[in-house]
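Order of the sequence lines fixes the chain letters, A, B, ..., with proteins taken first and strands second; residue numbering starts at 1 for each chain.
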Amino acid sequence: MQTSLEKAVIKGFKEIYDVEINSVEFQATRKDFEGDITIVVFAFLRYVKGNPEAIGTKIGAYLKENVAEISDFNVVKGFLNLVISDTFFISDFNKIKNNASFGIVATNPNEKAVMVEYSSPNTNKPLHLGHIRNNLLGYSVAEIIKASGKKVYKTQIINDRGIHICKSMLAWQRFGNGETPESSGLKGDKLVGNYYVAFDKAYKEEIKQLIAQGKTEEEAKKQAPILIEAQQMLLKWEAGDEEIVTLWKTMNQWVYKGFDETYKELGVDFDKNYYESNTYLLGKDIVAEGLKKGIFYKKEDGSVWIDLTEEGLDEKIVLRSDGTAVYMTQDIGTAIERFKDFDLNELVYTVGNEQDYHFKVLFLILEKLGFEWAKNCYHLSYGMVDLPSGKMKSREGTVVDADDLMLEMTDTARTISQELGKLEGYSTEEKEGLYKTIGLGALKYYILKVDPKKRIMFDPEESVDFAGNTGPFIQYTYARIQSILRKADFDYAKEISGIELHPKERELIKQIQLFPEVVQNAASNHSPALIANYSYDLVKEYNSFYQTVPILGCENLDEKIFRTQLSNKVAEIIKSAFKLLGIEVPERM
RNA sequence: GGUGGCAUAGCUCAGCUGGAUAGAGCACCUGCCUUCUAAGCAGGCGGUCCUAGGUUCGAAUCCUAGUGCCAUCACCA
């Protein structure tokens, strides 16, 4: 529509003023003015001198005369508002009416894929609210990119090695008395997490004692026997000590099983898992190569560095003096490994904004190493989830546990639903499924609707809303439409034309038309918030339509069919959009 | 101190590449269920878009400086 209009405007300027215009600025007409699409006349003042209103009027008249879709126009200040004819709206709607995957682009198998990394937990801590934001964002961005037409691989790298893992292992050996998830009835990740906390408690106790014996705090922190033992355990692990490795494997399996349950509840999944125990040695050979090329340099003590001061950054270590890898080394190696494993063109890292600097450096190093794809690496950086009491700290117990939170949301949904009592005829099982759909819908929408880079304030005391701009509000509209469709006892497949549109119908069609663009936009901006906000606008528009005009009660059959079709399309879009957010949609509620 | 991010209604947030009188939700106040689900709709109240300059026909949006909050600047990950 816009492109054909643009051509007409260019042609009009040529005919009326004999000037070449190379682009036309369009925008949707504001609601308080008459019209559907607006041309900004100010922009033409560069080419044609004169009063913007006069120019607008001339061009408007030309368009009304020469473009079939334009039925009328008006000029306010420097804005030319064009009214598009009902016929055009109806025929455009008819084009998209039967396209079940409207707005969703099929994956192009010939194009290179995008890998999205998210979640990437530690195996010594259960997942909390911060992980929920990470998971929802990563999953949703992956789905959105997929919907924009690209092949996507979802992945996570599990931090399953290192001193922190040895801490929980050691604590379990000391205090565990052979406790297992089976014997305790605890989820595996929770059980292991408890021992990580137990370690910290014992460690702090030892530090206190050492200080009492006259050591400085710094000495005490280094000399605490339990810490030294954990360090020895790490060395044994690295040497492949059978007993340690067996324990490590056992405890990790407990954790993975626990994580899998949480992921399943959250509705996220992965195409491939990477484990740090397999990747922590990667990258060293690359560093050696880079050293030869002069990209890195060696200090006297043998450590290897890169100098990024010219880029406005600091010097950064890439290899320790003892020759072992640091976080950066590993990330360099892992990135390269991934491009080897898959036919990728793009790599998205879903990691909190506290690591902005790390990723800036990582991408820069990869670029300096000569990897073409380095410029296609993207850090999907997001703000922290804060509690009213401040930051969540697992060691201080001020975390909102992921499993608990999901249960609470389901409980709230159950309470509200039971009060409303609209679920006659549903089995207990169906009801429970529905409560989960609604509760999780509220939680996911609440988190995804805000711009990823902004921090979220989460108050566990004030439960997440179920009314207003929320997931359940949108789910409710979907359910209401389904109710209409169930009651529609006539065939509404017929293509309608020649009816006069109600203003609410015009607005609704305009909103529907935006969906494909929104999906593309969300993909290129890596922002599920755009999808969430669009869904909300669409639903607001629909609810207003729903309350203003009768649908099934419409007397004219053609109009009744058309309104049913519109409703159906809105429901389809809600479903598609919510699928991109990882939110399910109920038939009733 | 250096670097990066954020700052919009009492609270939580929208505001696309600069455009018309800055928008929603919550909260507070009014109306609307004998018609398709009231988790809804219609309306009211509420703004120094952090501050000061600049660019422009036009700035919440772009530039500069400042203020505040957060993150980061480890041979931790």
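- Here, B:C11 and B:A74 have their C1' atoms 39 Å apart, quoted to the whole Å.
- To the nearest angstrom, C1' of B:A20 lies 13 Å from CG of A:Leu80.
- One can place CG of A:Asn533 at 11 Å from P of B:C16, the figure rounded to the nearest angstrom.
- Using a 4.0 Å cutoff on non-hydrogen atoms, the parts of residues 446-455 of chain A near RNA chain B are A:Val450, A:Asp451, A:Lys453, A:Lys454, A:Arg455, ordered by number.
- Straight-line distance between the P atoms of B:A52 and B:A71: roughly 29 Å, to the nearest whole Å.
- Within 4.0 Å of A:Thr38, counting heavy atoms only, lies at least one base atom of the nucleic acid.
- Checking B:C26, B:A39, B:A77 against every side-chain atom of A:Glu276, the shortest atom distance belongs to B:A77.
- Heavy atoms of A:Leu313 sit nowhere under 4.0 angstrom from any nucleic acid atom.
- The NE2 atom of A:His379 sits 16 Å away from the P atom of B:A71 (whole-angstrom rounding).
- Residue A:Lys540 places none of its side-chain N or O atoms closer than 4.0 Å to OP1 or OP2 of B:A14.
- Relative orientation of the A:His131 and A:His128 rings is tilted, given thresholds of 30° and 60° on the angle between their planes.
- Between B:G15 and B:U61, the two C1' atoms lie 9 Å apart (nearest whole Å).
- No contact: A:Asp489 has no heavy atom under 4.0 Å from any strand.
- Comparing B:C45 with B:C57, their C1' atoms sit 36 Å apart, to the nearest whole Å.
- In this structure, A:Phe515 and A:Tyr534 have parallel ring planes: the angle between them is below the 30° cut-off, well short of the 60° mark.
- Aromatic ring orientation, A:His526 versus A:Tyr378: parallel (interplanar angle below 30°, classes split at 30° and 60°).
- Taking side-chain N and O atoms only, A:Lys487 has a distance below 4.0 Å to OP1 or OP2 of B:U37.
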According to the Watson-Crick and G-U wobble definition with distances under 3.5 Å, which dot-bracket string, read 5' to 3', encodes RNA chain B, using [ ] for crossing pairs and | for pairs with another strand? (((((((..((((.....[...)))).(((((.......))))).....(((((..]....))))))))))))....

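- Set against B:G4, B:C36, B:A20, the side chain of A:Ser483 has B:C36 as its closest nucleotide.
- Between A:Tyr445 and A:Phe578, the angle of the ring planes lies from 30° to 60°, which puts this pair in the tilted group.
- If you check every strand for non-hydrogen atoms under 4.0 Å, A:Ser321 touches a base.
- Using a 4.0 Å heavy-atom criterion, one finds that A:Tyr357 contacts the sugar-phosphate atoms exclusively.
- Residue A:Tyr327 places none of its side-chain N or O atoms closer than 4.0 Å to OP1 or OP2 of B:A77.
- Taking 4.0 angstrom as the limit, A:Ser381 places none of its side-chain polar atoms (N or O) nearer than this to OP1 or OP2 of B:G5.
- Within the 4.0 Å cut-off from OP1 or OP2 of B:A77, at least one side-chain nitrogen or oxygen of A:Arg320 is found.
- Within the structure, a side-chain polar atom (N or O) of A:Asn543 is placed less than 4.0 Å from OP1 or OP2 of B:C41.
- Glycosidic torsion of B:C33 falls within 90° of 0, placing the base in syn.
- Of the side-chain N and O atoms in A:Arg480, one or more sit less than 4.0 angstrom from OP1 or OP2 of B:A38.
- If you check every strand for non-hydrogen atoms under 4.0 Å, A:Thr324 touches nothing.
- Contact annotation for A:Val549: base contact, defined as any heavy-atom pair under 4.0 Å involving a base atom.
- A:Lys422 comes within 4.0 angstrom of a nucleotide base, judged by non-hydrogen atoms across all strands.
- Proximity of A:Arg30 to the phosphate of B:G23: a side-chain N or O atom is located under 4.0 Å from OP1 or OP2.
- Residue contacts shown for A:Leu420 include a base, since a base heavy atom lies under 4.0 Å away.
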